[in-house]
Amino acid sequence: MSIPLQLYARNFASKIYGASKKKRMPLSPKRARKGFYKGNGCRSEGRHTSKGGFVMDKEKLLELVVPDMSGFKLMPYVANATPKQKYPLAADLYREMANKSAQSAQ
């Protein structure tokens, strides 16, 4: 007896595995309660001990290399008091280019 592919893909865990097997499967946000967030694959910066603790490993820590910005003229943010600028439409830019090319051709 073969199971149709649509039924197999749609109800993967409910039709094939029993309740005890589903408990041992890896937990994913699809199978968990509302609000469960598993994460998106971060770096391990240490290891877990057998007593339930966590030991940080200095070699695994993230090291950010930031250049010296002391003589840099620009600011790293845009102030709220900056006036808003209206961006030109593509048609306006095309008209400007057409006018420039017409003037240079004459």
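Just so it is clear, the model here is predicted, and its values are computed rather than measured.
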Is any side-chain heavy atom of Asp57 less than 4.5 Å from a side-chain heavy atom of Glu45? no
Whether over 12 other heavy atoms sit under 6.0 Å from Phe36 CZ: yes
How long is the gap from OH on Tyr87 to CG on Leu93, to the nearest 0.5 Å? 12.5 Å
Report, as yes or no, whether the 6.0 Å neighbourhood of atom OH on Tyr77 holds more than 12 heavy atoms from other residues, nucleotides or ligands. no
Just wondering, are more than 12 heavy atoms of other shown residues or ligands nearer than 6.0 Å to CE in Met97? no
Can you tell me how far NZ of Lys60 sits from CZ of Arg47, rounded to the nearest 0.5 angstrom? 9.0 Å
Over all heavy atoms of both residues, which pair between Asp68 and Ser70 is shortest? Give the atoms and the distance, please. OD2-OG, 3.2 Å
